[in-house]
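When a ligand or atom number is given, it counts from 1 through the structure's own listing order.
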Amino acid sequence: MRNDILDSGFRHIAIISILLISVLILGACSSVGDSDLPAETEIATTVVETEAVEGPALPDTSLQDTPAMTDEAANPELTVPALAETAEPEAIQCTSPASGTPSMMEGPYYKADSPERTSLLEPGIPGELLILTGFILNTNCEPIPNAWMDFWQTDGNGEYDNTGYKLRGHQFTGEDGRYYLETVIPGLYPGRTAHIHVKVQAPDEPVLTTQLFIPGEPGNQRDIIFSEELVIDLQETDDGLQGTFNFVLDED
Ligand code: FE
């Protein structure tokens with residue numbers, strides 16, 4: 001009888017032990033599984049995020065290129081040869097003491113407060129591209145730095161913009177006294193040959209108001225105020241028309 005009770009007790013203990021061991025084993029297996037799952041999940045997440053970051057980068061690049069190409073194609077007149085802006089300054093044609101550049105009437109179409117810019121080119125402006133460069137000099141043929149220049153002119157069809165500032169702009173000469181202007185060959189309007197109006201002023205000196213003319217323009221001989229002294233030197237190059245004109249200012 002006592003042995004039966006002992007056997008029964010051992011069986012219970014054995015069964016409970018087996019159950020406990022099973023629970024522990026299952027628990028261990030379960031915890032191993034849990035630790036693996038997040039690792040796989042993390043890898044999968046990383047891959048997805050990497051693709052998500054790299055994906056949009058390609059379309060962004062192509063979108064940046066597209067508008068620039070479209071603008072250039074739609075407005076070929078805006079394509080300016082880089083050569084003209086980077087070219088070495090030409091030798092200054094000046095003999096001291098030099099005569100001052102003649103003044104000429106302002107005319108009725110000047111507007112103050114033009115924007116500061118070296119390029120007057122804008123989309124849709126008719127006319128043949130002209131790069132105009134030169135120096136502002138004193139009568140000793142010395143370049144004048146920081147001289148103010150204000151240009152205004154018609155487009156290739158002889159039209160002024162009197163409501164806005166198309167083909168109007170001012171700039172200042174650099175330390176070398178040189179200026180650089182991107183514009184178009186002006187057109188004709190009744191009574192006038194092609195001309196570019198300009199005001200030039202050395203620092204703290206009087207303003208010179210004058211006009212520049214285009215060589216070989218048939219209207220020159222019919223324009224009563226045309227002056228050979230104010231004709232630009234014009235070269236037809238592979239990159240387009242390049243003009244030069246040096247201004248000489250009588251300083252006090
Ligand atoms: Fe005019």
Side-chain angles (χ1 to χ4, degrees), residues 75 77-78 80 84 99-137 144 147-173 178-202 205-236 240-250:
N75 304 296
E77 70 269 30
L78 293 180
V80 177
S99 301
T101 299
S103 63
M104 191 159 277
M105 66 173 66
E106 178 178 292
Y109 301 117
Y110 178 68
K111 285 178 68 176
D113 304 320
S114 70
E116 182 174 357
R117 53 185 174 180
T118 57
S119 179
L120 306 183
L121 302 178
E122 292 178 50
I125 290 181
E128 187 175 2
L129 174 67
L130 168 65
I131 306 293
L132 181 63
T133 61
F135 293 88
I136 308 299
L137 308 167
I144 302 175
W148 171 78
M149 307 182 78
D150 200 0
F151 293 94
W152 73 103
Q153 65 170 84
T154 70
D155 61 23
N157 294 334
E159 299 284 342
Y160 282 104
D161 177 11
N162 292 315
T163 54
Y165 283 92
K166 282 182 181 172
L167 292 169
R168 299 172 185 269
H170 76 272
Q171 61 175 280
F172 297 87
T173 54
R178 190 172 185 243
Y179 71 93
Y180 170 91
L181 181 72
E182 294 174 0
T183 185
V184 296
I185 297 287
L188 308 178
Y189 61 89
R192 292 305 317 275
T193 188
H195 60 282
I196 298 173
H197 292 273
V198 61
K199 289 178 180 283
V200 186
Q201 183 181 31
E205 295 290 336
V207 174
L208 168 71
T209 299
T210 191
Q211 303 181 21
L212 302 180
F213 296 94
I214 309 299
E217 168 61 51
N220 289 347
Q221 304 313 317
R222 297 193 296 269
D223 191 321
I224 58 171
I225 62 169
F226 168 77
S227 168
E228 287 285 354
E229 292 181 86
L230 294 167
V231 175
I232 66 174
D233 180 12
L234 193 64
Q235 305 292 325
E236 194 164 354
L241 293 174
Q242 300 199 15
T244 56
F245 189 88
N246 296 332
F247 294 84
V248 178
L249 301 182
D250 285 313

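- Two residues are said to be in side-chain contact when any heavy atoms from C-beta on lie closer than 4.5 Å; Leu188 and Glu217 meet this criterion.
- Looking at Asn157, its side chain never comes within 3.5 Å of a backbone N or O of Glu159 through a donor-acceptor pair.
- Residues Tyr180 and Thr118 come closest through the heavy atom pair O-CB, 3.4 Å.
- When atom types are taken as modelled, the side chain of Thr154 and the backbone of Gly187 share a donor-acceptor pair closer than 3.5 angstrom.
- Without hydrogens or angle criteria, Glu205 side chain to Asp250 main chain gives no donor-acceptor distance under 3.5 Å.
- Shown are His197, Lys111, Lys166, Arg168; of these, the side-chain hydrogen bond (donor to acceptor under 3.5 Å, both in side chains) with Tyr160 is made only by His197.
- Around the Fe ion (ligand 1), the protein N, O or S atoms closer than 2.8 Å are Tyr160 OH, Tyr189 OH, His195 NE2, His197 NE2, listed by chain and residue number.
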